[in-house]
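Taking it in order: structure first as structure tokens, then the write-up.
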Number of protein chains: 2
Amino acid sequence: MGAAVLSAPGESRRERSARTYAAVLDAADRLFAENGAEATSISDVATRAGCSVGTVYHHFGDKKRLLHALVERYIGRFQITIDEVVAPPRWAGSGVRVILAGYVAFSLEAGQSRPAFARPGAETARSDSKVRLQLAGLHSELKDGFASLLLVRRKEIGHPNPILAIHFVLDQLAAVIIARQNPFLMPSTLIECPSETFVQEALEAAAAYLRLDE
Amino acid sequence: MGAAVLSAPGESRRERSARTYAAVLDAADRLFAENGAEATSISDVATRAGCSVGTVYHHFGDKKRLLHALVERYIGRFQITIDEVVAPPRWAGSGVRVILAGYVAFSLEAGQSRPAFARPGAETARSDSKVRLQLAGLHSELKDGFASLLLVRRKEIGHPNPILAIHFVLDQLAAVIIARQNPFLMPSTLIECPSETFVQEALEAAAAYLRLDE
DNA sequence: ATTATCTATAGATCTATAGATAATGC
DNA sequence: ATTATCTATAGATCTATAGATAATGC
């Protein structure tokens with residue numbers, strides 16, 4: 001359990017401190033995601049991280065700043081993968097269908113590999129306008145990145161208002177993915193059907209709306 | 001403030017007690033929706049309802065049962081409006097497009113007139129499997145009601161698998177409505193655009209996916 | 001000398017109950 | 001006699017801090 005923070009041989013004091021810091025964030029990440037930030041005490045976090053309550057306060061000051069640090073770490077990591085996936089060269093030669101499939105795959109993956117984040121992120125965003133703006137910016141970067149990839153290929157799109165349609169379709173895809181990954185929001189076929197069916201129908205709905213075949 | 005519970009002239013003891021009971025539920029409804037059930041103390045609820053902490057416990061036993069009673073009341077009210085809206089005679093002579101528009105209007109209205117419920121409902125469902133099943137049943141009743149209205153009109157639908165398509169499209173519409181009504185889940189065009197645009201594009205996406213014009 | 005860590009605890013809530021009170025219902 | 005209500009409070013957490021300790025860094 002607490003083994004993560006015991007000093008390892010040949011480890012500097014700075015290194016161990018950084019490891020403790022990360023262990024606390026990891027512990028908060030899991031516990032906040034499982035039970036919500038409010039239902040999680042600093043004592044719970046400390047126990048899981050294998051350190052004391054005092055140590056948590058030493059590193060983060062208070063609970064609010066611990067949540068902020070968690071969000072910041074998430075944003076930092078996510079930023080990098082977004083920058084990679086929206087890079088135009090990556091999609092050279094690909095049409096609208098392939099790009100939409102890439103958007104869905106990326107969004108699904110992001111939600112699955114970071115299930116820990118959705119809950120504390122939304123909770124924090126609700127009450128903290130700074131965090132809300134940061135997350136909105138992150139989402140916009142992903143969406144605008146894909147939107148401009150699609151805009152360049154607007155000749156494939158038969159919808160009378162391509163700009164509106166592109167934004168709407170990306171948001172619609174994000175919405176069904178969020179619904180699928182948060183069963184308590186809306187029990188539905190979106191959740192019960194197998195992954196291939198889900199992706200296929202979501203993409204077919206997008207293609208039909210955009211009128212790709214005209 | 002507390003005036004709601006003061007005895008009114010010519011009011012029986014039973015009546016006043018029922019009014020107190022309802023006032024506590026109303027208070028919990030608002031506070032739980034605004035701040036979350038966990039962040040709301042029984043003392044907050046009592047103050048808002050204009051009664052004492054002891055009175056809340058007299059009526060509901062404990063906090064968990066207060067949440068349950070709130071969910072039950074919501075379910076009871078909602079059940080009635082669902083039964084009305086999915087009644088086949090109401091849609092006699094209407095095509096798929098009109099019915100889908102009705103589904104969207106009803107879902108939008110439900111979310112707007114009961115904003116108070118979404119949060120405590122989801123919070124409770126997350127931890128309480130009985131409530132989760134109840135809410136799933138409620139949603140299923142709405143969805144299955146509309147699904148059978150659409151199924152009867154399947155000749156209008158060009159999608160190769162009408163049953164799958166009907167369920168998928170209803171869930172997709174629900175997902176974009178939820179996204180629109182919960183800005184902290186996903187900042188997006190879905191939220192920023194005016195109501196008419198939102199409804200129009202959502203319905204156009206549905207119609208295109210179902211292939212209503214073939 | 002600094003600082004990462006721990007232990008112990010003060011102070012603030014919050015849930016739930018006990019017991020008193022006063023008004024209705026049978 | 002019952003019960004809806006109130007006041008007061010016990011007991012359980014939970015946040016945050018104070019102060020001690022021991023190991024590193026300059």
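Not measured: the values here are computed from a predicted model.
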Output the rounded distance in Å from [atom1] ([X]) to [atom2] ([N]).
X       : N      : atom1 : atom2 : answer
A:Lys64 : D:dT15 : NZ    : P     : 15 Å
B:Leu31 : C:dC14 : CG    : P     : 12 Å
B:Leu67 : C:dC14 : CG    : C1'   : 15 Å
A:His58 : C:dT7  : NE2   : P     : 16 Å
A:Glu15 : C:dT5  : CD    : P     : 13 Å

Interatomic spacing from [atom1] in [X] to [atom2] in [Y] - rounded to 0.5 Å:
X        : Y        : atom1 : atom2 : result
A:Cys193 : B:Leu164 : SG    : CG    : 7.5 Å
A:Leu190 : B:His167 : CG    : NE2   : 11.5 Å
B:Asp171 : A:Thr189 : CG    : OG1   : 4.0 Å

Taking a pair as Watson-Crick (N1 to N3 plus N6-O4 or O6-N4) or G-U wobble (N1-O2 and O6-N3), both under 3.5 Å, which stems of 3 or more consecutive pairs involve DNA chain D?
->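 Stem list for DNA chain D: C:1-24 with D:1-24.
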Measuring from the side chain of [X] (C-beta onward, heavy atoms only), which nucleotide among [options] has the closest atom?
X       : options               : value
B:Asp62 : C:dC14, C:dT5, C:dA16 : C:dA16
B:Lys63 : C:dT15, C:dA4, D:dA4  : C:dT15
A:Tyr57 : C:dC6, D:dT5, D:dT15  : D:dT15

Tell me yes or no: between the side chains of A:Gln134 and A:Glu72, is some donor less than 3.5 Å from an acceptor?
->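 Looking only at side-chain atoms, A:Glu72 and A:Gln134 do form a donor-acceptor pair, the distance falling under 3.5 Å.
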Say whether A:Tyr209 and B:Glu201, considering side chains only, have a donor N or O and an acceptor N or O under 3.5 Å apart.
->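 Yes, because at least one side-chain N or O of A:Tyr209 sits under 3.5 Å from a partner of the opposite role on B:Glu201.
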Between B:Phe146 and B:Tyr103, how do the two ring planes meet: parallel, tilted or perpendicular, split at 30° and 60°?
-> perpendicular
Does B:Arg119 count as lying over the ring of B:Phe32, i.e. NZ or CZ under 6.0 Å from the six-ring centre, within 45 degrees of the axis?
-> no
Within less than 4.0 Å of OP1 or OP2 of C:dT3, is there a side-chain N or O belonging to A:His59?
->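 Looking at the OP1 and OP2 atoms of C:dT3, neither is under 4.0 Å from any side-chain N or O of A:His59.
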Return no unless some side-chain N or O of A:Thr20 is found under 4.0 Å from OP1 or OP2 of C:dT5.
->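 Affirmative; the distance criterion is met.
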For A:Arg126, does its backbone N or O pair with a side-chain atom of A:Arg132 as donor and acceptor, under 3.5 Å?
->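 Judged by distance alone, yes, a pair lies under 3.5 Å.
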5' precedence on DNA chain C between A:Thr55 and B:Gly54 (nearest-nucleotide basis) =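 Closest to the 5' end, via its nearest nucleotide, is A:Thr55.
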When you check every protein heavy atom under 4.0 Å of nucleotides 20-26 of chain D, what one-letter string (B, S, -) results, 5' to 3'?
-> ---BSS-
For B:Asn182, side-chain contact (heavy atoms from CB on, under 4.5 Å) partners two or more places apart =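 In terms of side-chain contact (heavy atoms from CB on, under 4.5 Å), with neighbours along the sequence ignored, B:Asn182 is linked to B:Ile178, B:Phe184, B:Leu185.
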